[in-house]
Number of protein chains: 2
Amino acid sequence: MDSEVLKLENQLCFPLYATAKEVVKRYKPYLDELGLTYTQYIAMMVLWEHKTINVKSLGEFLYLDSGTITPLLKRLEAAGFIVRKRDSNDERNVIVSLTLKGEELKEPASKIPEKISKCLPISDEEARTLYQILYKILGDNSCGIE
Amino acid sequence: MDSEVLKLENQLCFPLYATAKEVVKRYKPYLDELGLTYTQYIAMMVLWEHKTINVKSLGEFLYLDSGTITPLLKRLEAAGFIVRKRDSNDERNVIVSLTLKGEELKEPASKIPEKISKCLPISDEEARTLYQILYKILGDNSCGIE
DNA sequence: CCCAATCTAATTGCAAGCAATTTTTTTATC
DNA sequence: GATAAAAAAATTGCTTGCAATTAGATTGGG
């Protein structure tokens, strides 16, 4: 048995997992000011761009299933940022849309990305490289993942 | 206000967050065979390497705090893979060590990393680049994270 | 020696996150 | 048009993850 392959430092997945968590943590102070969690923030980002969307499409954008999204949307609705409504043309679908309060959150939120990118100790070049490799993995289906 | 910066596709954090989740998901079928979750697996990796460790050090390796680790270790103990014991030299510390059953899990686990890396659609070169950039971010303290 | 500060785990409370199942609606097939 | 299959969201049950707090042990300064 090769013990080396099982060391944390020889894994690729581990730094991916740990870095994702640490970077999300860096958003927290800024998101706290808006009253959003990170997952709520990315859901709002989809809404700020699309104005209105159903739960299934939102899940596809975010790589999240209804078991995660449904309670998340209920919280965003309880906070007054969105409304949920059954689609009268197809009652299976739930349409999510922004309230005025949710729309207004876009402006302060638009200042966050720059604060975060200033905070990451990598060059623009490295950021582009990272972005490309990540999407290469993310866009791949070769192992039968969805 | 610049709307472009708020699009999901223009973020770096989002593909990081999403890719981490998707890659962890690819471990699931292999880890299911061992009866481990991904987080339990990385905790076991630290133990396979160090044999014995206290909760604080384990948390530092994994970037997890006691609120996550304590219940996780209790599950690993209930499954018979580890034992937890107060350090008699300093009763504040809890020492975690492998049982024979936990030790024996190392052999089948050692076959997983290769299966996963075959499954990622990136070259060795890209994997190295990704690894380096991730650790560059992870190792950084400049924004007052821990 | 004593008391305050520090340290370590554990606990609490809440929000993800996901697999599996259920409910309701729509679509296809006969 | 009835019924089976498919589709979408919600629900259930479990684990992770983290901030904040608590409990107990140790250390340091006076």
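Because the structure is a prediction, the values reported are computed rather than measured. Below, chain A is the first sequence line, B the second, and so on; all start at residue 1.
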Problem - Atom-pair distance (CG on B/D65; P on D/dT21), nearest Å - result: 14 Å

Exercise for the section: Using a cut-off of strictly less than 4.0 Å, decide whether B/T68 has a side-chain nitrogen or oxygen near OP1 or OP2 of D/dT15. Expected result: no

Practice task
Check whether any side-chain N or O of A/R75 sits under 4.0 Å from OP1 or OP2 of C/dA15, and answer yes or no.
Solution key: yes

Problem - Protein-nucleotide distance (B/Q40, atom CD; D/dG17, atom P), rounded to Å - result: 10 Å

Problem - Side-chain N,O (B/N54) to OP1/OP2 (C/dT8) below 4.0 Å - result: no

Exercise for the section: Could you pull out the closest heavy-atom pair between A/L62 and B/L8, with the gap in Å? Expected result: CD2-CD2, 3.8 Å

Exercise for the section: May I ask you to verify whether the side chain of A/T39 and the base of C/dA16 hold a donor-acceptor pair under 3.5 Å? Expected result: no

Problem - Short N-O contact, A/E77 and A/K74, less than 4.0 angstrom - result: no

Problem - Presence of A/T70 side-chain N/O under 4.0 Å of D/dT11 phosphate oxygens OP1/OP2 - result: no

Handout entry: Check: A/S97 side chain, A/R84 main-chain N or O, donor-acceptor pair, under 3.5 Å
Key = no

Handout entry: Contact under 4.0 Å: A/R84 side-chain N or O vs D/dA9 OP1/OP2
Key = no

Handout entry: Upstream residue (5' side of DNA chain C) when A/D90 and A/G67 are each assigned their closest nucleotide
Key = A/G67

Exercise for the section: Considering just the side-chain nitrogens and oxygens of A/R92, establish if one lies under 4.0 Å of OP1 or OP2 belonging to D/dA6. Expected result: no

Completion exercise
Whole-Å distance, B/Y27 OH to C/dC18 P, equals 16 Å

Exercise for the section: Could you check whether A/I69 gets within reach of a base, just the sugar-phosphate, or nothing at all, counting any heavy atom under 4.0 Å? Expected result: nothing

Handout entry: SB check A/K25 A/E22 (cutoff 4.0 Å)
Key = yes

Practice task
Check the distance between C/dA15's P and A/L73's CG and give it to me in whole angstrom.
Solution key: 14 Å

Handout entry: Residue closer to the 5' end of DNA chain D, A/Y17 versus A/K56 (nearest nucleotide)
Key = A/K56

Fill in the blank from the handout: Between A/Y38 and A/E91, whichever has its closest DNA chain C nucleotide further toward 5' is A/Y38

Problem - Distance below 4.0 Å between A/K74 side-chain N/O and D/dT11 OP1 or OP2 - result: yes

Problem - Spacing of B/I82 atom CD1 relative to C/dA9 atom C1', expressed in whole Å - result: 14 Å

Problem - side-chain N/O B/K28 vs C/dA19 OP1/OP2, d < 4.0 Å - result: no

Practice task
Would you kindly give the CG-to-C1' distance between B/L31 and C/dA19, to the nearest whole Å?
Solution key: 15 Å

Practice task
Using a strict 4.0 Å threshold on nitrogen-to-oxygen distance, state whether A/K7 and A/E4 make a salt bridge.
Solution key: yes

Handout entry: Rounded distance in Å - CG (B/D87) to P (C/dC7)
Key = 17 Å

Exercise for the section: Could you tell me the separation between the CG atom of B/L72 and the C1' atom of D/dT15, rounded to a whole number of Å? Expected result: 9 Å

Problem - Any B/S66 side-chain N or O less than 4.0 Å from OP1/OP2 of C/dT11 - result: no

Exercise for the section: For B/K21 and A/L64, indicate whether the former's side chain and the latter's backbone hold a donor-acceptor pair under 3.5 Å. Expected result: no

Handout entry: Contact under 4.0 Å: A/N93 side-chain N or O vs C/dT25 OP1/OP2
Key = no

